[in-house]
Amino acid sequence: MSERYEESQLYRIRHSLAHVMAQAVLEIFPEGRVAIGPPIEDGFYYDFDLPRQLHEADLAEIETRMRRIISGNFPFARREVSADEARQLFANQPYKLELIDGLERGGYDENGNKIAEAPVISTYKQDSFEDLCRGPHVAHTGELNPNAFKLMSIAGAYWRGDSNRPQLQRIYGTAWQSGAELEEYLHRLEEAKARDHRKLGEQLGLFTFSPLVGKGLPLWKPKGAILRDTLERFLRAEQMRVGYQPVVTPHIAKVELYRMSGHYPYYADSQFPPMQVDDEEFMPKPMNCPHHIEIYRSEPRSYRDLPVRLAEFGTVYRYEQSGELTGLTRVRGFTQDDAHVFATPEQLEDEFIAVVHLIQRIFDLMGFQEFRARIGTRDPNSEKYVGAPELWEKATHAIINAADKVGLDYFVAEGEAAFYGPKLDFIFRDVLKREWQLGTVQVDYNLPERFGLEYMGEDNQPHRPIMIHRAPFGSMERFVAILIEHFGGAFPVWLAPVQVRLIPVADRHVPYLREVAAKLAEIGLRADVDDGKERMNAKIRTAQGEKIPYMLIAGDRDVENGAVSVRLRSGEDLGGMPVAEFIRKAQQIAESKSQQLMPNA
RNA sequence: GCCUACAUAGCUCAGUCGGUAGAGCACUCCCUUGGUAAGGGAGAGGUCAUGGGUUCAAAUCCCAUUGUAGGCUCCA
C-alpha cells in the first residue's frame, strides 16, 4: 500500500469506520476486548475478543449502531499520552497493553513490524470510545457516509498472526466515499467471481475435483489437459533450445533421501507421511531436487560438462492444511516445471540471468504485466534454514547482482527464502486480489554441500558446483489458474483447447465441413464440427460461450465457392473466405502464438 | 488445523408456518433445414451432501461427519 493511500481521505474514512465499528461492538459487548483495526485495501477490519462467537446475523445490528454513531457528528479527538497514562487508560484491555509495551520499547508496531524508534503514543476518541491509535482520522463522524460502507464477513484471526496465541474474531468491512462507489465495488466483486478460474474451469470443462479422489487433487479433463500439454510442449522446446536436458524421476523415494537433503526434519508437517515397504520407508516426493541431484551424482563430472541443466515436469505431493486448499492455486498434488542447473561459481551469474530472461520471455508472450518480483532472503532470527551464513550471504548477493543487471524491478522480503537458499519469485494476483507465487529462481550452495557434489576442475582438483533451482511457471496448476483468469477463459489461439468450431447452416453442409475439419486437423489445428440438431444461431451461441476463437460457418454459397464464412470470437463477421486462406491465416496466428485472432492486413 | 458461512436434478437456482420437491438451461425423442448470440413440442432426470436425533410428519428444527467458499495460520 503506497504512501499516497495512507495520506488519503479514503484511508482516514476506513480507519475511522474501524473505530466506529469497535465502539458499536463494545456497546453490544461491554466486556469485550479490542485488538487492532487498520484500514486495508478496499476497507478495514477490527479484531475482537468477545464473550461469544459472532454470527453473520450480528452484522446488521452492528451496522445499525454504526450509523447511529455516525449521525452523532462526533469529533475524532487526538491526544498524546505517556506509556504509563496509556496503561491506565487501557488497564482492562490486555491486547492494548501489549501494544503499549511494544511502542514503549520502540520495537514493533501493531502489525509486529519493526519500527526505528519509540514513537509518540497517541489516542483518538470519538463519542465514548477511545482507542490507542496513531491516526490519521477524519475530523468528525459526519465525514463518514452512512450509505457507503458495508460489513462483509467474520473470520477468525490469531492475535499477532501467531497460531499459538488466542484466536480473535475479525470483522471485515468495505468503505467508500459515496454509495455509488460502494455499489460499483460490489459489482466489481461479482464480475471478478465470473472470471474466477474455478468457475471458468467448470464452465469450460477444463478440470474437476472428486471427493472420492481427494480434495486438493485436481483431475484434468481433456480440454484442460490440451491446454496444459500445449504449455508443456512449448516450454520443453524453449528449454531444449537453451541447453536443458530432460530427465524423468519417480513419484516416491526413500525417506532417507529427504533426510540427506534436509527436507525431512524441517518440513515433516507438510509432507504426506511415509509408507512402510518391507523394512524401508518411502514417501511421495515433496520436491524434485534430490532426485535430480542423484542424477548429477550418477557419473563423474568435469568442468567441461558444466553447466548441467536437468529439466522435468515433476509431480510433487505436499500435505497442505485442509483450510488452505483453493481451486488450482493451492493443491496437494501438483506438477512443477522444474529444472536444476549445476554450475561453476564463474557460470552462476550468467546462468541466473539466462533463467530470468527465459521467465521474462514467457511472461511477455502471455502478456503478463502485473506481477511483482520478490527477492526472498533469510530471516536471521529463524531456525528453519540449513547451511552456513557465509553461503547464504554469497547466494543472496548473486541474486541481487543478477536482478540488478537485468534491470528487474524487485523488492526484498526478509524471511521469504527457501530453507536451502534465497530466491527470486514472481508474484501474481488472482481475480480476488490474492497473491500467488508463480515463477521462482533459487540459488543454492547448501544442497551441493549436503550431497557432496563435485566436478573436476581445470586444476585437476575436485570443486563444488552451485545449484540453481528454477520453475518459470512455478506449477502447471497455479500457472493455468492465473492464465485462465488473465484471459477470462478466452485463450489465445495457440492455447485454446478447441481452436475452430465448424457450423453448418443446414445438415446437408456437414459432409463438406467434415472435409474442412480434416484439412485443419492435418496441419495441427484443433477443430470440431457441430453436427447437433440445433439451428445455426444456437450453435454460434454455444461456441461463443465456449470462447472458441474461430467459428466457420458453411451454407450452399460456401460449399459452392470452396469457402467458409469466418466469425471470430470477438463477434466480428469476416464473411466468406477460401478455405486455404483461412488455414493460412489461422496457422500463422497459432504458430506465432499471437494474441490476435487474425494477422494484420 | 482454526473462525464464519454454504450444500436441493449435469449446471444456475426457487421451495412460505415442518405436511413426502419445482423452474430455466443441458440431456433424449419428435417436428422444423434454418445464413451470424437461444425455432417449437414431448420426455427422462433428485436417498434434498452423508449419518444420527426431535416429531404423527423433516429439504425445512438439532447434533455429528464430509465437501465447498471467505478469512487466519502455513506455503519447500
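A, B, ... follow the sequence lines: proteins, then strands. Residue 1 opens every chain.
Remark: C1' of B:G70 and CZ of A:Arg434 are 8 Å apart, rounded to the nearest angstrom. Distance CD (A:Glu534) to P (B:C25): 12 Å, rounded to an integer number of Å. Separating the CZ atom of A:Phe48 from the P atom of B:U4 is a distance of 16 Å, rounded to the nearest angstrom. Here the C1' atom of nucleotide B:U68 and the CG atom of A:Leu325 are 11 Å apart, to the nearest Å. The OH atom of A:Tyr319 sits 16 Å away from the P atom of B:C74 (whole-angstrom rounding). In this structure, the CD1 atom of A:Ile154 is 11 Å from the C1' atom of B:G71, given to the nearest Å. Residue A:Leu217 contributes atom CG, which lies 15 Å from atom C1' of B:U68 at whole-angstrom precision.
Across all strands shown, nothing is found opposite B:U16 as a Watson-Crick or G-U wobble partner with both distances under 3.5 Å.
Using a 4.0 Å heavy-atom cutoff across all strands shown, A:Asp558 reaches at least one base atom of the nucleic acid. Contact annotation for A:Arg330: base contact, defined as any heavy-atom pair under 4.0 Å involving a base atom.
Spacing between B:A64 and B:G1 at atom P, rounded to whole Å, works out to 16 Å.
For the residue pair A:Gln271/A:Tyr264, the side-chain donor-acceptor check at 3.5 Å is not satisfied.
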